[in-house]
Amino acid sequence: MSDMISITTLRQAFEAGEDVERLAPLHPGEVLREEFMVPLKLSAGAVAKALGLPRSRIERIVKEEIGISTDTALRLARYFGTSHQLWLNLQADFESETLLSEIGPELDRIEPLPAVAA
């Protein structure tokens, strides 16, 4: 666990450089569309049929209108031979980054609980 780098640590490292332009958070629908569907020439209908889902769900994901649920992550993982965690992590990162930009000032006002000596 100590070898893991938190998103806060990464952000601080990048924010140290003034000239770094911040990119918008990556939506998992963009990954699905650009890294899987486009190269494999798959339509939303074909993916939806293979996954046993409504076509509209895949269409809305790739249009970045909705996120990826655990159910969809499991189905995408099975179909594309990935881990379901790939899809869930993409979704969690997207939601965290999006929400952090919205409520960051509120979070700054929260005083962390002091560490308790063990």
Side-chain angles (χ1 to χ4, degrees):
M1 205 63 182
S2 62
D3 292 340
M4 294 182 66
I5 298 175
S6 72
I7 194 165
T8 304
T9 303
L10 285 173
R11 178 176 289 127
Q12 289 170 346
F14 283 107
E15 286 177 353
E18 298 289 324
D19 297 333
V20 176
E21 182 181 335
R22 190 112 187 184
L23 297 175
L26 179 66
H27 191 281
E30 180 179 350
V31 175
L32 175 59
R33 183 183 65 243
E34 299 299 326
E35 301 297 327
F36 292 87
M37 293 174 63
V38 169
L40 298 171
K41 297 179 175 49
L42 295 170
S43 68
V47 173
K49 184 175 182 180
L51 273 52
L53 295 173
R55 185 187 76 239
S56 60
R57 183 181 310 178
I58 301 302
E59 289 172 342
R60 293 184 68 207
I61 290 170
V62 298
K63 288 179 184 175
E64 303 176 27
E65 294 174 352
I66 63 170
I68 292 180
S69 66
T70 303
D71 177 87
T72 302
L74 289 164
R75 292 167 188 263
L76 288 168
R78 174 72 177 170
Y79 185 59
F80 288 116
T82 66
S83 79
H84 69 286
Q85 285 302 134
L86 166 75
W87 302 104
L88 293 176
N89 287 341
L90 286 168
Q91 185 63 43
D93 288 347
F94 176 77
E95 289 175 9
S96 296
E97 286 296 324
T98 301
L99 191 57
L100 186 57
S101 67
E102 291 175 24
I103 68 166
E106 288 180 56
L107 295 176
D108 289 339
R109 289 191 292 272
I110 297 172
E111 285 295 321
L113 184 65
V116 178

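Hydrophobic clustering, with ILVMFWY side chains joined whenever heavy atoms are under 4.5 angstrom apart, keeps Phe80 apart from Leu88. At a threshold of 4.5 Å between side-chain heavy atoms, the hydrophobic network of Ile, Leu, Val, Met, Phe, Trp and Tyr places Leu100 and Ile103 in one connected group. Linking Ile, Leu, Val, Met, Phe, Trp and Tyr residues whenever their side-chain heavy atoms come within less than 4.5 Å places Val62 and Leu86 in a single cluster.
Taking 4.5 Å as the limit, some side-chain heavy atom of Ile58 sits within range of a side-chain heavy atom of Met37. Using a 4.5 Å cut-off on side-chain heavy atoms (C-beta onward), Leu26 and Phe94 make no contact. Within the 4.5 Å cutoff, no side-chain heavy atoms of Glu106 are placed close to those of Ile110. Within the 4.5 Å cutoff, no side-chain heavy atoms of Leu76 are placed close to those of Thr82.
For the pair Leu90 and Pro28, the tightest heavy-atom approach, listed with the atom from each and the gap, is CB-CB, 3.8 Å. Shortest non-hydrogen contact noted between Gly67 and Ile61 is O-CG1, 3.7 Å. Of all heavy-atom pairs between Arg55 and Ala48, the closest is CA-CB, 3.5 Å. When every heavy atom of Ile66 is checked against every heavy atom of Arg60, the shortest pair comes out as CG2-NH2, 3.2 Å. Here the shortest heavy-atom pairing between Thr98 and Pro25 reads OG1-CG, 3.8 Å.
Atom CD of Glu97 sits about 14.0 Å away from atom NE2 of His27, to the nearest 0.5 Å. Rounding to the nearest 0.5 Å gives a distance of 13.0 Å between CD1 of Ile68 and CZ of Arg75. Between the CG atom in Leu74 and the CZ atom in Arg78 there is a gap of 11.5 Å [rounded to 0.5 Å].
Shown here are the side chain to side chain contact (heavy atoms under 4.5 Å, CB included) partners of Glu95, two or more places apart in sequence or in another chain: Gln91.
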message: Under the criterion salt bridge (Lys or Arg N to Asp or Glu O under 4.0 Å), I'd like the reasoning laid out for Glu59 against Lys63: C-alpha separation, chi angles, the key distance, then a yes or no.
response: CA-CA 6 Å; Glu59 289 172 342; Lys63 288 179 184 175; 5.3 Å; no
- request: Evaluate the ring pair (Phe, Tyr, Trp, His ring centres under 6.0 Å) criterion for residues Tyr79 and Trp87: first the C-alpha distance (whole Å), next the side-chain angles of each, then the deciding distance (0.1 Å), finally the verdict.
  value: CA-CA 12 Å; Tyr79 185 59; Trp87 302 104; over 10 Å; no
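Within the structure, side-chain hydrogen bond (donor to acceptor under 3.5 Å, both in side chains) pairs that include any residue of residues 36-53 do not occur (at least two apart or interchain).
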